[in-house]
A.B. asks: 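Sharing a structure with you now.
Just so we're on the same page: letters track the sequence lines, and every chain starts at 1. Values reported hereafter were calculated over all heavy atoms of this structure, with side chains retained and with hydrogens, waters and symmetry mates removed. Just so it is clear, the model here is predicted, and its values are computed rather than measured.
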Amino acid sequence: MENQDHVIVTIDGEEYLAAPDQNLLDLINTTGKFVPQICYNEALGPVQTCDTCMVEADGDIVRACGTTVKAGMHVQTDPVHVNEAQKEALDRILEKHELYCTVCDYNNGSCEIHNTVQEFGLEHQSRPFEPKPYEVDNSSPFYRYDPDQCILCGRCVEVCQDVQVNETLLIDWNREQPRVIWDNDVPIDESSCVSCGQCVTVCPCNALMETSMVGEAGYMTDHEPGLLRSMIAATKTVEPGYGPLFAVSDTEAAMREERIEKTKTVCTYCGVGCTFDVWTKDRKVLKVEPQQESPANGISTCVKGKFGWDYVNSGERLTKPLIRDGESFVEVEWDVALDYTAKRFQEIKEAKGADALGFIASSKATNEESYAMQKLARQAVGTNNVDNCSRYCQAPATKGLFRTVGHGGDSGSIDDIAKADMVITIGSNTAESHPVLASRIKRSQKLFGQKLYVFDLRKQEMGQRADRFFQPKSGTDLVWLSAVTKYIIDQGWEDSAFIDKWVNEFDAYKQSLEPFTLEYAEEMTGIAKEDLMEIAKQAASVDKLAICWAMGVTQHQLGSDTSTAISNLLLVTGNYMREGTGAYPLRGHNNVQGCSDFGSMPNFFPGYEGVASDDVRQRYEAAWGVDIPAVPGKDNHEMIGAIHEGDLTCLYVLGEDTGIVDANINYVTAAFEKLEFFVVQDLFLTETAKYADVILPAVPSLEKEGTFTNTERRIQRLYKALDPVGDARPDWQIIMDLAKRLGYEWNYKSPSDIMDEAASLAPLFAGVSYDRLTGYNSLQWPVAADGTDTPLLFTDGFPFADNKARFYPLSFELRYETDDEYDLHVNNGRVLEHFHEGNMTYKSAAITSKMPTVFIEISPELAKERGIHEGAEVKLVSRAGEVTGPVHVTDRVSGNELYLPLNDNGKTAINYLTDNSVDKDTDTPAYKEVAVKMEVIKKKGKSPLPPNNYRRGNPQPQISVRVEEKWERDDYIFPGSQVKQNG
Amino acid sequence: MAEKLSNVKRMEVPAETIRQRNLEEVATAVSENKEAILKGIDLLESLNQSETLDMLTALVKHREDALANVMREINKPEYAAPVENVTKLFQIAGKLDVEELQYFADRMNYAVKEAAASEASGKTSYMDLLKALKDPEINRSITMMLQFLRGMGKA
C-alpha cells in the first residue's frame, strides 16, 4: 500500500520504504546490497555515464542511478543477465583505465575503480586496455590530467559546470576518442580554470591528480617516467589476475598509512569555514581533501584552501623571538623575550596606568586565542583596550543587526542562502571573496531558478551572472534600500501579519522613510525609478529572500546605517525566522566572527555582553579574581589616535599586519614610531613587525589546535597536522606565558580548557565543548547548556525583552564625493588568488605564477581619455598619500571608477591612499571612500595580468556532462541491450 | 622613537651545543628502547658477518639502476612466460584439493614402495594383463584411474 510519505519498492524479494521520487540507486545503497557504481556521487547526483549500476526494474534493465522509484516497483539486482550487463560496463571502463595500482599515487584505499572491481569480484578483463592518443596535460602548476587513465565518467565536468559553476570543463563526445577538455580545448593552464581543485577531489581515480601527490604518495611511484612505465608493465605481468594485483596493492596502500597523516583542519582564507583533511608526509603537504560531511563546504574548496599552504613551510618563517637592539633585531631565547616583555608592561602600567597599554587580537587566530588575549588585557593588565580586525570590516554589519534583530551574525546557514527564492548581494565580490559560498548561489541560480540581484560598483563575476545588475553611486546603498522599502509599504506589499506580531516601532520607521522617494533615490543612486519599482516588486513577491553583503556596504562612513537599512527591508518583507531567508553579512577572515564573539572587543566580554553591565562584569571579576574597569576601552582606530596624543604608549599586536591593513598607513606607522614599547606576534617579519621592540614567533593553523567560527556562526575544530617550526609557539601558549609573568597562573593544558572556561562564563556558548566538536562535528551559536545549537536564528523570536525585533529609523546625508581635483574614485577589495596583504599567498609559487602582482583596474573609456594602455604605469594621489602601480584595462570597471586589489604590502598598498574617515557608529575605516587624481608615468607596457590567468579564459557553459551525446554515438550500445543481443 | 628595521641577527648556536643537544636526544631514545637497540645491533652484526650488509648497502645506493635492470629483464618476452608461470603455479597450488590429493599420494607412495621391492623381471603379455585384472588390488587401481580420466574429461 502506498501512503502519502512513502512508496513501497520490492528489491530482490524484500520490501523497502522509499521517499516518493527517490533515486533508485540511492534507495539500494541504503539496503546494504552491492550494486557497482563509479560515476555516482551523492554530492553530484546521477551523472549516468558509467553504466555500471545496471539493475532490472519491472522487467527492464536500467541504470539504477537514472531511475526514480515508483510505487510497487520490482527491482532485481543480481540475476545473471543483470550481472552480465554490470560486467560489460566494468569491462568498458577497464578498457579505458589501466590498473597498475601498486605503482599508482592514487592507491590510497579510496580509488573507486579499484574498490568497485574488487567488490564486484571481477578476476579478469575480457578486452585489453586501449591507450588513447593524448598526452598527459601537465601545464597547470596545481593538478594534472592523464587522458589515458580517464574513464570519462564526467564527474569533473559535473562539478565544474554545476557545483563550482565555473563552466570550464566539458567532455567532447564527438571525437573518435572523447576526452575531457578545458574551454575550447586549450591546455589547463591557459583556460578559464580557477584551480578550485574540485574536479580533482571528485575524480574517482588517478586521471586528475594534485601535482603535489605525483611521485610522493606511493613507496614505488617516485621514478623516472621510463622506469615507471616498465614497472607498470611488470606489475601487470607479475599480477596477472585482479585478485593478486589487489592483494599486493592493498598491502602497499596500508603501508602508506604509516607515513601519510590525514588531519582535519579548517581553512584560514575566508569566513566560509571550509573544512577538510590535510594529507602530510613529514612536513610536506601532499593534498587537501574536503569531505562530503564538511558542514559548510561539502566537497568544495577554492584555489587558496586547496593549494595555498606553502607559507607554512616558507623559509621566511620566524623561528626565534627577536628583540630590537640598536640597528637590528637579535634572536633571543623565549625566557629572555617574555621576561623583558612582562617587565616593560609592568613598568608602563605603573608609570602611566593600565589604559596606556593596548591589545589587538587576530581574526586569523583561534577563538581560544581571542579569549586569552582579552583575558590578558582585562585580568593581567586591567584595561578594556582590546580589539580585533573586525573593526576594519564587519563591525558595522554587527551593529546594524544588533539594532534591529539582536544577534550580530548570519541569520541562517549557507544552505539557507542556497534555498532562497531570491538572493540580493550588495557590495560583495562574492565569487572572489567567498568563492565556495558564491558557488552555492551560482548553482541555485543556474539550476533551480533562484533570482540573483547584484548591487556593486564593479561588474565582477556575480554582476555578470546576475538576473539584474545595478551600479549605485558609491556610498548610496542606504538610499535605494530605503526607497525600495518605502515603495513596498506605499504599495501595501509589506508583510503586515509578520510586522504586527514580531516587530516594534513600525510607525516611527514609516515616518522616517518619508524623504526616500523614488525620485530622490534615482537622483542620489543613479538607479532609474522604474528599476527601483521592479526591485521592490520582486523582493516583495518572493516567499524567501536572503540578502548578503560585505565590505562594499560596511567600509563607508554610513556602514552601520546601511547594514541597518538592509535589516529593515528584511523585516518589512517578513524575511526572518524562516529557512531560506535572512541577513547574511559575509565575514571576511576565517575567524572574524569568532574573534569578536570571544571578547576581543573594547566594549564586550565574550558573547557580546557589555563591560558596562555590572552583573556581567561581576561574573568575570568573580571568576578571574580582579576588578575590571566598567568603562569600555579604545577600539583599534582610537588606539592609533591615542598613540599620537601620547595617551597610549604600549601596543601588543597579534597576527595582524596593522601597518599595511589599517587605513591611512602613513599615519599608522607614524604612530608605531611614537610607541614606548611595541610587541608584535606573527609568523613573519611583517611590515608592522619591523617597528616592534619585541617580535614573538607564532605558528599557523596547521601547527596548533583550536576552533574557528565561520560566517554561519559555526564553531569548528582544527587539529594539529604539523609540529611547530623552530621555537615558534601557538599564540595561546605565548599569551599564557606572559600572563604568568604578570602574576596570573592560568594553567590551561590545551585550548580545550580555555573553551571550557569561556563556555562556563558566556551564556551564548554554554554548551560548547571539544567533545561535541570532535572531527567534522560543529555547533552554531547560541549553544544551550545541553548542546542544542541554532542553525537558524530567531525561530522563537528575537533576543529582546519582549521577544520582538525593532525597526530602526535612519536618515541620509552624502558624506563623500569626488571633486574636480581628486576626480577618480578608487574602489578596492579582494581577488580570488590572494589573501589580505599577501603575506601568506605570495609564498605559493604556483599562485604567484597565476597573479604575480596587484594592478590598477581602469575602464576602457578612462584609458582612452588619458591616452594610456594595458601595462601602463600610473601614480594615484589622494589627500592622504600616493601609490604607483601597473594598469589593467578592463570593462569590469566603468567611467571614473578604479579598482585596486588590497593584496600588496609595498608601493601599491591601497592604504597609502585611504584616510582617517570612519563609519560614524563603529569607527570602521571608510576604506571604500577614496578620491584620487592620476598621473601617468608610462603610457603602456607589459600587462600585469599574465596570459595564464583565468580571467583571460573562455568558459563554456552547459548543464551537466551531456551524457545524451554519448548515448547518441554510433558506437554506443546500452550494456543492458547488448546482454540481450548476446543472450 | 622606534625606526623601521629589517635586519635580523641570528642567534649563533655553537656547533658544540648543537652536538650536545643531538647527543642527548639520541641517548634518551637509546635508553628508552634499550632492548630493541641491542637486538638491532645483533641483527646488524649477523648481516655484517655474512657480508649481506655490504651487499644491501650497495643495492640501496644503486636502487634505481637495480630496479631498472630487473624491470628490463622482467619485461623481456622470454621472461614473460616464466614470470607468469610462477604466479600461475601459485594459483594452481591454491586450487588443488589437498585432502583428496593426500589420498592419491598415500596410494602412490605405497605403489612406489611395492614396485621397488618387487623382483619380478621379464615381459608381461596381453594375457598376463587380462589375468592381472582379476587381481582385486590391480583392478581397484585400474578402476580408480578410469574414474580419474573420466573426471578430467568432464572438467
A.B. asks: Taking only residues two or more places apart in sequence or in another chain, which ones pass salt bridge (Lys or Arg N to Asp or Glu O under 4.0 Å) with A:K907?
C.D. replies: none
A.B. asks: What is the distance from atom CG of A:L685 to atom CG of B:N7, rounded to the nearest 0.5 Å?
C.D. replies: 9.5 Å
A.B. asks: Is B:R19 atom CZ crowded by more than 12 heavy atoms from other residues, nucleotides or ligands, each under 6.0 Å away?
C.D. replies: no
A.B. asks: Test A:F329 against B:L5 for side-chain contact (heavy atoms from CB on, under 4.5 Å), laying out the working first.
C.D. replies: CA-CA 7 Å; A:F329 292 111; B:L5 293 183; 3.6 Å; yes
A.B. asks: Is it the case that over 12 heavy atoms from other parts of the model lie below 6.0 angstrom from the CD atom of B:E12?
C.D. replies: no
A.B. asks: List the steps, then state whether side-chain contact (heavy atoms from CB on, under 4.5 Å) holds for B:M11 with A:E333.
C.D. replies: CA-CA 9 Å; B:M11 188 186 285; A:E333 296 297 347; 3.5 Å; yes
A.B. asks: Decide, yes or no, whether a salt bridge links B:K4 with A:E687 under the criterion of side-chain N to carboxylate O below 4.0 Å.
C.D. replies: yes
A.B. asks: Is it the side chain or the backbone of A:E676 that comes within 4.5 Å of chain B heavy atoms, both, or neither?
C.D. replies: neither
A.B. asks: Is the CE atom of A:M220 crowded by more than 12 outside heavy atoms at less than 6.0 Å?
C.D. replies: yes
A.B. asks: Measure the spacing between NZ of B:K9 and CG of A:L322 and express it to the nearest 0.5 Å.
C.D. replies: 12.5 Å
A.B. asks: When rounded to the nearest 0.5 angstrom, what is the spacing between CZ in A:R324 and CD in B:E3?
C.D. replies: 7.5 Å
